[in-house]
Each structure stands twice: as structure tokens, then as C-alpha cells.
Protein chains: 2
Amino acid sequence: MQTNFTIDCVIYSFHLGKLQVLLTERNEYPYKDWWALPGFFVDKEEEMEEAVERILYELTGLKGIYMEQLGAFAGVKRHPQGRILTVAYSTIVKYDEVESKIKPMTSYMRQAKWFAVDSLPDLAFDHREIIQKSLQKLKSTLYYSTIPYELLPEKFTLSQLQQVYEAILGKTLDKRNFRKKIVNAGYLRELSEVQKGVSYRAARLYKFDKRKFFKTTGVE
Amino acid sequence: MQTNFTIDCVIYSFHLGKLQVLLTERNEYPYKDWWALPGFFVDKEEEMEEAVERILYELTGLKGIYMEQLGAFAGVKRHPQGRILTVAYSTIVKYDEVESKIKPMTSYMRQAKWFAVDSLPDLAFDHREIIQKSLQKLKSTLYYSTIPYELLPEKFTLSQLQQVYEAILGKTLDKRNFRKKIVNAGYLRELSEVQKGVSYRAARLYKFDKRKFFKTTGVE
DNA sequence: TCAAAAGTGTTCGCATTACACCCATGC
DNA sequence: GCATGGGTGTAATGCGAACACTTTTGA
């Protein structure tokens, strides 16, 4: 049995040097044929976190991912068929682990697709506003969060890490300062391995050390 | 006509050197006779911000006060009579402007009373958790917000300002460093007036300059 | 040998921290 | 004259910002 409020998920990943958001194409009124954030009514006995996890799983096959509440959106006019409150959550997934598994959840939506955050289509409801707010929060907490590492493969180069930061912040960063800051923070483990298959000097690989991160930041 | 979600308000003020929260004593089940955050069902055609403003007005006679959404709380078991979602907001009021006007809103609650945040009674629902989260947010945004000035009279001394910071952060601050930082920030206007009616050296009075604050922080 | 990206230090200014004494006033 | 809070400066340290060249590698 359903409640009368929904959750909407802002699901991010990183691909082709850009921050991407997963959108679904609606197959039902209202906003039939529009792109929208994946979202659903929450069940009566279902915790909201479970609902996000369910949607994420049905859409991407992934479980147990970091997720965070953004807030409630309940504008009187946000939904053309009467007032419906939605609670927005955001989560982060690795593009490579997900790409092949993306599938629409139900017949309510026709397809699911990644869009770069800097070139979104028109969106249903107030979903553009939700994404805007989510991005704002993402930017402001970036340096104290594990998010960049959720977006990268286990082993990564410092340049890749910098690209993630630049994609999210929407601006370029100084290479030397960035490296100094990140390496100084002390939660990267330098590997003896280097990149393979590139036609230029191979970069050193690093791993993120969660333990040290939590020890030094105390966050989460 | 009512929706089936509520808003709960965390209403702060500052008195006797302590940060205070306004609580109401419930006169209805569930949680009859318990203290709780002032809250209500939102009307069908009412924006949430309007609802907070309404509650604030009915309880304190104040209008047009800064308020902010904290988030949605919808734990399946938070309400004994079935799942009810609540959206928490926080606002700040000046104790002196409000003190005499405090009154219960409806027969749903018997009385309203200020409690210091460091000595709260047992609370209904998940209201302790809501206050906890609200306080956390308050602390982390304190230095970039106008909140301390919302809590003080128009003209105040630097010591009073420091007391507000200390009460909210729950720790003591170094007087010289605090003054340097605040004065350097550049949005206080030093008046030629001093305190009156104290039995020791009268302190200089200051005013908060909102214009300069927004110019230098860009926030809000 | 060329193209592409990797990798690397220093300087400057500013903010934060720690720390202790004299001053002005009312009673 | 004494109790009470008001008011003040300096040194050490750390962080962020600006800035350009050499090295390595594969093709």
C-alpha cells in the first residue's frame, strides 16, 4: 500500500570528463514523454532510505551505495494533479559498473539515460530546481566528502581525480596546488603501479584509504 | 482542508546566556502531556513556508522572520498512529520581542515555554533527533549567517555577540581573536554610543550592517 | 623527434591560534 | 579602593593562490 508522498533520486556518475545525472523518460501523464528524475511513491511500511535503494537497484542493479537526503519539495503547484510532496535524495555510482545494466523500472517510464549536468533537457515537475539544489550542496561539501572516490575506479591517477573535482565544481584547478592539497590530506595511498595503454608518459596510480579519511576528517 | 503531512518548527532565541528552544505541551493523544516542537498539519493550498510563518505568528505574534528547511523526517515508526511525514523548519526570534506574547495556539496544546537546548525535557515523536540535527546545522553555518544578529537587539556589545557564539557552539572563544575576526569581517558599524546602566566600564555598542554582509559574503 | 600529459617548488598574503595585562567605571 | 568586565598586540603557523618548466613515454 502506498503513501501519498514520493521520493525522487538524483543519481550521479562521471563519464567523458563530465558529471552525469540519470533521467527517465515518462510514459504516463502528467508530463508524459518528458524527462524526469527517477522517483516513486513510497510504500506505507517502507523507510525512505529503502525506497531510494529500491529505485537505485531496479534501475542500475546496484546496492548499498552512499545516499543523502537533500530536502522536501512540496510547492502547491509543483504537481498538476494536486499537491504531492516529494523528498529528494542523491546518490553516486560508478559509471562503468552501471552502464550496461541501466534499464527502465516499470512501464511508467520508457527508458533511462545519462545526461551531462551542463546540458539537461527540459524536465518534468520541479526537477530542475531539485537538481540545482543538489548540485549546490555537492559543490559545497566536495572537499570533505568521499564522493570523488565513489565516482572513480578503485585505482586512479591524480589527473583523473582532478577532472572529477573540476567537473563538479565547474571550473579548472591549478595542478600543483591541487596535488599538494590532496596528497597533504593524507588519505591517498600511492601505489607502485602506473597507468597502462596510454600513448604518453604513464601516470602513477593511487587508492583512496577510507580508514584514514574517517580518522582525519571525523565525518560520517 | 488538510494534507497528511506536518511541519514542525524549531524556534530559537537567546536568553540568560543560553540558546533556547520553544516547546509546547501537548493536550491530545498521542503523546498527551509531553513536550513537543510546535507543529501542525499543512493545509492543501498552503505553502510550507506559509505554514511555518502561521505557526510562528500564532505562537509569538511575529511575522516575516528568517526561516530555513532542515529536511523531512518520515521514519515508519516515528508516529504511533501510522506513518506521518514531517518537514522540519527552523527560525530565530528575538527573546525580548516575543517573551510577553507567547501563547498556545489552540486547545491541542496546553502551554508554550522556552527551554535551554542543553536541558531539554523528554520529547514527543522524534523531536529530539530533529533538534539535534538542527543544532548541528546551526553550528556549521554560524560564521556565514545572520543568525547571531537575529538573536540580539539592534545595538549590542561585542561581548554579547561573543556570548551568542559561545552559547550556540557550546564552547568558549578567545576574546581577542573573536574581536579581530568579527571586526575584520567588516559588517559591523561601530556606534559612538556605549552601554548604560551597568556597574562597571560601559562597553561600546555596535550595529549589524546587513548590506555589507550580503555584499561581502554573497550569501542568501 | 614530436606530441601529450606527468610531475614538481617557491613565494606571498592572509587567517587562525595562543597568550596576559592594563583600563574605566560604579559602588 | 576594589570588583567587574572592557579593551588591546604580537609572534608562530598553516593554508590558499599564483605561477612555468623539465621529464617521460609511445607512436
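Convention: sequence-line order gives letters A, B, ...; per-chain numbering from 1.
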(request) Check each of B:Ile7, B:Ile11, B:Leu123, B:Val21 against B:Leu37 using the side chain to side chain contact (heavy atoms under 4.5 Å, CB included) test, and report the only one that passes. (result) B:Val21
Among [options], the one nearest [X] by side-chain distance:
X	options	result
A:Asp174	C:dA4, D:dG6, D:dC19	D:dC19
A:Asn177	C:dA6, D:dA27, D:dC19	D:dC19
B:Arg204	D:dG5, C:dA6, D:dG7	D:dG7
A:Arg179	C:dC19, D:dT8, C:dT8	C:dT8
A:Arg176	D:dG6, D:dA20, D:dA18	D:dA20

(message) When you measure from the centre of the six-membered ring of B:Tyr57, is the NZ or CZ of B:Lys63 closer than 6.0 Å and no more than 45° off the axis?
(response) yes
Roughly, in whole Å, what's the span from [atom1] in [X] to [atom2] in [N]?
X	N	atom1	atom2	value
B:Leu205	D:dG5	CG	P	17 Å
B:Lys175	C:dT16	NZ	C1'	19 Å
A:Phe178	C:dT8	CZ	P	15 Å
A:Leu188	C:dG7	CG	P	13 Å
B:Gln195	C:dG26	CD	P	11 Å
B:Leu158	D:dG6	CG	P	9 Å
B:Ile182	D:dG7	CD1	P	15 Å
A:Lys196	D:dT25	NZ	C1'	15 Å

(message) Assuming nearest nucleotide by heavy-atom distance, tell me which of B:Lys180 and B:Arg201 is located more 5' along DNA chain D.
(response) B:Arg201
(message) Five pairs per end, C1' atoms only: what is the angle between the end axes of the helix from C:dT1-D:dA27 to C:dC27-D:dG1, to 10 degrees?
(response) 10°
(request) Kindly write out the residues that satisfy side chain to side chain contact (heavy atoms under 4.5 Å, CB included) with A:Pro153, not counting sequence neighbours, or none if the list is empty. (result) none
(request) Verify whether one side chain among A:Glu150 and A:Thr146 offers a donor that lies under 3.5 Å from an acceptor in the other. (result) yes
(message) Under 4.0 Å from OP1 or OP2 of D:dG16: is there any side-chain N or O of A:Lys181 that close?
(response) yes
(request) Look at the side-chain N and O atoms of B:Ser159 and state whether any lies under 4.0 Å from the OP1 or OP2 oxygen of D:dG6. (result) yes
(request) Could you pull out all residues at least two apart from A:Lys210 that satisfy side chain to side chain donor-acceptor pair (under 3.5 Å)? (result) none
(request) May I have the step-by-step check of side chain to side chain contact (heavy atoms under 4.5 Å, CB included) for A:Arg179 and A:Ser159, ending in yes or no? (result) CA-CA 9 Å; A:Arg179 286 169 181 235; A:Ser159 293; 3.3 Å; yes
(request) Please work out which of the three classes, parallel, tilted or perpendicular, describes the rings of A:Tyr187 and A:Tyr149, given edges at 30° and 60°. (result) perpendicular
